[in-house]
Structures are given as structure tokens and as C-alpha cells.
Amino acid sequence: MENPLDQKLDLSALHLGNISLGTLLGALLTLVICLVAVRLLTALLRRVLAQTHMDARVQKYLVRTVQLVLWVVTVLITADQLGIPVTSLVALLSVLSLAVSLAVQNVLANVAGGLVLLVTKPFAVGDYVDTPCGAGTVKELTLTYTYLDTPDGLRIAAPNSSLSAGKITNYTTLGTRRIQHSVSASYDAPVQTVRQALLDAVARTPGLLESPGPEVYVNAYGESGIEYIVRSWAKTADYWTAYYALLENIKAAFDEKSVEMPYNHLNVHIVDPLRVERETKQ
């Protein structure tokens with residue numbers, strides 16, 4: 001009679017349902033190796049992205065996406081080690097992914113647009129921009145929406161998919177903006193006198209830059225006057241203040257040099273019907 005203590009325990013002979021203990025231990029070891037590999041690959045990806053000039057939010061989204069993919073691969077490898085049909089599992093995941101993508105396709109389009117904006121950086125928080133959704137100051141850029149504050153006190157939530165696919169004009173990024181006004185002067189006023197009046201108006205307007213210097217041109221000859229263009233530059237922060245101040249100073253400079261601004265006149269003649277009748281009879 002054999003001593004039970006002398007019998008060797010055969011782990012491969014033990015079963016838990018349809019899964020043997022040996023298979024379970026092998027799957028567990030595979031899972032641990034995959035988790036360690038996920039951690040190492042994620043750390044390596046973070047280190048590589050840190051060496052680039054990519055936006056921090058884009059780096060975070062990329063790392064999370066790669067982590068999600070690696071976790072799905074880990075689940076599939078572990079399931080295959082346990083003898084679970086991976087083909088059916090992949091098919092199920094594909095159907096679920098398709099259903100989710102169809103349900104949130106607009107959200108996914110905004111997310112894709114947000115990633116494009118974060119990578120290309122056409123504007124930053126605090127910039128004044130003109131977009132297909134309206135013009136305003138950028139207050140916040142999220143993965144799905146960009147929030148703009150308009151000059152009249154409104155907040156626009158612009159979908160990133162619309163911004164990334166449309167034209168964006170950034171008025172802040174270069175630091176300066178050109179101010180241009182068109183004014184008309186009488187044909188009786190000499191061109192040099194008008195030009196000097198416009199330059200005087202620029203000189204007395206605070207906020208305008210000396211370099212680039214102001215420019216004055218004759219733009220067109222109208223029916224009742226000559227059209228002039230005056231151009232000058234200001235810092236972006238001083239643009240609107242200088243814009244309206246220059247308008248006021250132009251009128252004051254024209255008055256000082258007796259330059260008339262022509263405008264349309266309507267002459268009304270009051271006719272006495274009795275007088276017309278008498279003249280007709282004569």
C-alpha cells in the first residue's frame with residue numbers, strides 16, 4: 001500500500017470547471033507579464049512625448065489612448081491563454097465599437113477637431129479670433145468645444161469640428177494691428193494740406209506706433225471730393241482705443257486747416273403755384 005505522503009501532487013490534473021489549474025496559472029503569469037509590459041511601454045511613451053513640443057493635453061490623450069489599446073490586447077491575450085474563443089470576443093468588441101461610434105459620431109468629430117487645434121495651435125487662450133462660429137476672445141479650449149467671449153458680453157461654445165475645418169483669423173498673435181480710415185476732402189483743398197492734416201491727426205493720437213510709420217495716399221477721385229486713405233499701426237491691446245481716437249482727431253485736424261469734408265446735399269425749391277400760373281399765361 002502506497003503512502004499518500006509519497007504521492008506527488010499533479011497540478012495539471014486539477015481542474016476548475018473546464019479550466020485546469022495549470023492553464024489558470026499560465027494565464028495569470030501571462031497577465032502579470034502583460035501588465036508589466038503596459039506599464040513599461042506607457043512610461044517609455046511619456047518619456048518620448050516629453051522630448052517633443054506637443055501640447056501637454058495632447059500628450060495626456062495619446063498616453064490614455066495607447067493605454068486603452070494595450071489593455072484590450074492584454075485582455076485578448078489572457079482570454080486566449082484561458083482557452084476562451086478570441087475570435088468571438090473580437091467580433092463582439094467590433095460590434096460594440098461600431099455602435100458606440102455611430103451614437104457619438106458628432107462627439108468624436110469634435111474630439112478629432114480638438115486634437116487638431118491642440119497640435120496646430122492656431123490660437124491660444126486670451127487671443128481675439130474670428131471663426132466660422134463668430135468672433136471673440138478665447139477663454140477656454142476643451143477637447144470638444146472652444147469657448148469665446150464676444151465684445152457684447154456673450155459666450156459662444158464653438159464645436160471644434162467647425163473650427164478645425166474653417167478659416168480662423170487671429171488678431172492677437174502678431175502683437176500689432178493696422179488701423180485704416182478712408183476720408184473725403186474737397187477738391188478745393190490742396191493735397192499736401194490734406195496729407196499734413198491727416199499726419200497731424202496721427203501724431204496727436206495716443207497708442208499709435210512710430211514704426212511702422214503712418215501712410216497717407218490719394219485713393220480715388222469721387223463725384224464731390226477726393227478720397228484719402230490714412231494707415232497707422234497700434235498694439236493689439238490699444239487697437240480699438242486708437243481706432244476711434246484717430247477718427248476724432250482727423251475731424252479736428254481738418255477744422256484747423258479749413259479742409260472741408262464733402263457730403264451729399266439735397267436742394268429743395270419751393271415753388272408758388274400762383275406765380276407759375278401767371279408766368280404760364282404771360
TODO: Using the side chain to side chain contact (heavy atoms under 4.5 Å, CB included) rule, take Leu198 and Phe254 through it: C-alpha gap first, then chi angles, then the decisive distance, then the call.
DONE: CA-CA 8 Å; Leu198 293 173; Phe254 273 25; 3.7 Å; yes

Task: Shared hydrophobic cluster, Leu70 / Leu31 (ILVMFWY, side-chain heavy atoms < 4.5 Å) - done: no

Task: Interatomic spacing from OH in Tyr243 to CZ in Arg178 - rounded to 0.5 Å - done: 12.0 Å

TODO: Side-chain contact test, heavy atoms from C-beta onward, threshold under 4.5 Å: evaluate it for Asn170 versus Pro122 and give yes or no.
DONE: no

TODO: Hey, could you give me the NZ/CD distance between Lys257 and Gln192, rounded to the nearest 0.5 Å?
DONE: 11.5 Å

Task: Leu208 versus Ala234, closest heavy-atom pair with distance - done: CD2-CB, 4.1 Å

- [ ] Establish whether Val191 and Tyr217 are linked, either directly or via other cluster members, by ILVMFWY side-chain heavy-atom contacts under 4.5 Å.
- [x] no

- [ ] Evaluate whether atom CZ of Arg39 has more than 12 neighbouring non-hydrogen atoms of other residues, nucleotides or ligands under 6.0 angstrom away.
- [x] no

Task: Steps toward side chain to side chain contact (heavy atoms under 4.5 Å, CB included) verdict (Ile250, Met261) - done: CA-CA 11 Å; Ile250 289 174; Met261 287 186 177; 3.9 Å; yes

TODO: Determine the minimum heavy-atom distance between Ala189 and Val194, stating which atoms define it.
DONE: CB-CG2, 3.8 Å

TODO: Starting at CH2 of Trp71, measure out to SG of Cys34 and round the result to the nearest 0.5 Å.
DONE: 13.5 Å

Open item on the list: Main chain of Ile168, side chain of Thr131: is a donor-acceptor contact present, judged purely on distance under 3.5 Å?
Closed with: no

Open item on the list: To the closest 0.5 Å, what do you measure between CD (Gln67) and OG1 (Thr42)?
Closed with: 4.0 Å

TODO: On the 0 to 90° scale, with breaks at 30° and 60°, tag the Tyr244-Trp240 ring pair as parallel, tilted or perpendicular.
DONE: parallel

- [ ] Taking all non-hydrogen atoms of both residues into account, name the closest pair between Ser186 and Pro262 and its distance.
- [x] N-CD, 3.6 Å

Task: Neighbour count above 12 (heavy atom, 6.0 Å) for Tyr145 OH - done: no

Open item on the list: In the structure I gave you, are the side-chain heavy atoms of Phe123 and Thr173 within less than 4.5 Å of one another anywhere?
Closed with: no

Task: Heavy-atom closest pair, residues Gly134 and Ile156 - done: CA-CD1, 4.1 Å

TODO: Could you check Asn249, Asp200, Thr241 and say which one makes a side chain to side chain donor-acceptor pair (under 3.5 Å) with Thr205?
DONE: Asn249

Task: Reported OH-to-CD distance for the pair Tyr187 and Glu260, which is rounded to 0.5 angstrom - done: 13.0 Å

Open item on the list: Would Val216 and Ile229 count as a side chain to side chain contact (heavy atoms under 4.5 Å, CB included) here? Give the steps.
Closed with: CA-CA 6 Å; Val216 176; Ile229 287 181; over 6 Å; no

TODO: Keeping the roles fixed (side chain from Asp127, backbone from Ala124), state whether a donor-acceptor pair exists under 3.5 Å.
DONE: yes

- [ ] Show the numbers, then the answer: is there a side chain to side chain contact (heavy atoms under 4.5 Å, CB included) between Leu148 and Cys133?
- [x] CA-CA 9 Å; Leu148 307 174; Cys133 299; 5.5 Å; no

Task: Hydrophobic cluster membership, Leu143 vs Val138, 4.5 Å side-chain cutoff - done: yes

Task: Pairwise side chain to side chain donor-acceptor pair (under 3.5 Å) hits with a residue in residues 149-169, at least two apart - done: Asn110-Ser161, Thr146-Asn160, Asp149-Arg155, Thr150-Asp152

TODO: Compare every heavy atom of Ala253 with every heavy atom of Arg204, then report the nearest pair and how far apart it is.
DONE: NH1-N, 4.3 Å

TODO: Following the transitive rule for hydrophobic clusters with a side-chain heavy-atom cut-off under 4.5 Å over Ile, Leu, Val, Met, Phe, Trp and Tyr, establish whether Val73 and Val36 coincide in one cluster.
DONE: no

Open item on the list: Does the plane of the ring in Tyr171 sit parallel, tilted or perpendicular to the ring in Tyr128? Use 30° and 60° as the thresholds.
Closed with: tilted

Open item on the list: Enumerate the salt bridge (Lys or Arg N to Asp or Glu O under 4.0 Å) contacts for residues 61-77, please, sequence neighbours excluded, ordered by first and then second residue.
Closed with: none

- [ ] List the atom of Val218, the atom of Tyr228, and the distance in Å for their closest heavy-atom pair.
- [x] CG2-CE2, 3.6 Å

Task: Co-membership, hydrophobic cluster, residues Leu247 and Val230, 4.5 Å side-chain - done: yes

